[in-house]
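Scroll down for the structure; my scribbles are underneath it.
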Amino acid sequence: MIVIGLISWVVGTGLLCWVFFTLVSMAMPTMAGLIVFFWTYRMGAGLAAVFFGLVAGIFVLWLFRVALASIQRPDIRLAVVLAFCLPASIAGYSATVGLAQLGISSPALQIILGVTGAAAVGAASFVRLTPDAGQGSRTFLYRHD
């Protein structure tokens, strides 16, 4: 029984980290969808709030893709990608510090781990959001090689 509990704990923690990392790398559309969901739910939309939240998240993601596809200047494209990566870095810092507070008592080490987590999530988000050089003006958020 203890072995099954440990295995399920490791698998569950791994799945939660994977879901968190996927959502954090797309923090801007995720947060837009959550904000619209909570707003419409509190306004009395009921279960339709899920639909409105999904539509809002998809719309923000669509705006990002259209902006990357239509803007030709590399400095403005970089600014658009960094505008999406900054919330991901902030969310990565917050999550890493929150997890570090569970097991580490040193505030300095918590901050160091938080900055490391923010850098890792920001870099992963940047790599996911930048288009391939060989793709031309097409943008793909996930690479399938």
Side-chain angles (χ1 to χ4, degrees), residues 1-43 49-145:
M1 281 297 203
I2 293 176
V3 173
I4 293 172
L6 288 174
I7 290 171
S8 64
W9 179 79
V10 169
V11 170
T13 303
L15 285 174
L16 284 176
C17 287
W18 172 72
V19 166
F20 166 75
F21 198 75
T22 301
L23 289 177
V24 148
S25 65
M26 301 298 267
M28 185 88 69
T30 303
M31 286 309 299
L34 285 174
I35 288 169
V36 170
F37 165 75
F38 284 122
W39 181 71
T40 54
Y41 185 75
R42 288 185 182 141
M43 295 298 287
V50 174
F51 172 74
F52 291 123
L54 283 173
V55 168
I58 291 169
F59 181 70
V60 169
L61 188 59
W62 177 79
L63 281 178
F64 168 75
R65 291 179 63 129
V66 166
L68 271 187
S70 63
I71 296 172
Q72 298 299 320
R73 291 185 49 193
D75 53 347
I76 297 176
R77 288 173 67 127
L78 178 65
V80 169
V81 170
L82 289 178
F84 262 68
C85 291
L86 182 64
S89 296
I90 293 169
Y93 174 82
S94 298
T96 306
V97 168
L99 289 174
Q101 288 174 349
L102 293 175
I104 298 172
S105 60
S106 170
L109 190 56
Q110 291 173 2
I111 291 173
I112 290 170
L113 285 174
V115 169
T116 305
V121 170
S125 177
F126 184 80
V127 169
R128 276 188 153 178
L129 294 175
T130 54
D132 285 335
Q135 298 290 340
S137 64
R138 295 172 42 196
T139 61
F140 290 99
L141 296 176
Y142 299 99
R143 296 186 175 97
H144 299 286
D145 294 331

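Taking each heavy atom of A118 and S89 in turn, the nearest pair found is CB-O, 3.4 Å. A pairwise comparison of heavy atoms in M28 and P87 identifies CE-CG, 3.8 Å as the closest pair. Scanning all heavy atoms of the two residues, the minimum distance from A56 to V36 falls at CB-CG2, 3.5 Å. In this structure, T96 and G117 approach most closely via the heavy-atom pair OG1-CA, 3.5 Å. V60 and A32 make their closest contact through CG2-CB, 3.6 Å (heavy atoms, listed as atom of the first residue, atom of the second, distance).
The side-chain contact (heavy atoms from CB on, under 4.5 Å) test applied to L78 returns L82, F126, not counting sequence neighbours. Under the side-chain contact (heavy atoms from CB on, under 4.5 Å) criterion, F59 pairs with W62, L63, sequence neighbours left out. With sequence neighbours excluded, the residues satisfying side-chain contact (heavy atoms from CB on, under 4.5 Å) with S106 are I104, A108, L109. Qualifying side-chain contact (heavy atoms from CB on, under 4.5 Å) partners for I7, counting only residues two or more places apart in sequence or in other chains: V3, V11. R42 meets the side-chain hydrogen bond (donor to acceptor under 3.5 Å, both in side chains) test with no other residue; sequence neighbours excluded.
Within the model, atoms CZ of F84 and CG of L61 stand 6.5 Å from one another, a figure rounded to the nearest 0.5 Å. Note that OG of S8 and CG of L15 are 11.0 Å apart. Values are rounded to the nearest 0.5 Å. Between atom CD of residue Q110 and atom CG of residue L113 there is a gap of 8.5 Å, rounded to the nearest 0.5 Å.
Atom CD1 of I2 has 12 or fewer heavy atoms from other residues, nucleotides or ligands within 6.0 Å.
Within the 4.5 Å cutoff, side-chain heavy atoms of V81 are placed close to those of L68. Contact check for Y93 versus I111: side-chain heavy atoms found under the 4.5 Å cut-off. Using a 4.5 Å cut-off on side-chain heavy atoms (C-beta onward), L86 and I90 make contact.
With hydrogens and angles disregarded, no donor-acceptor distance shorter than 3.5 Å links the side chain of S125 to the backbone of V121.
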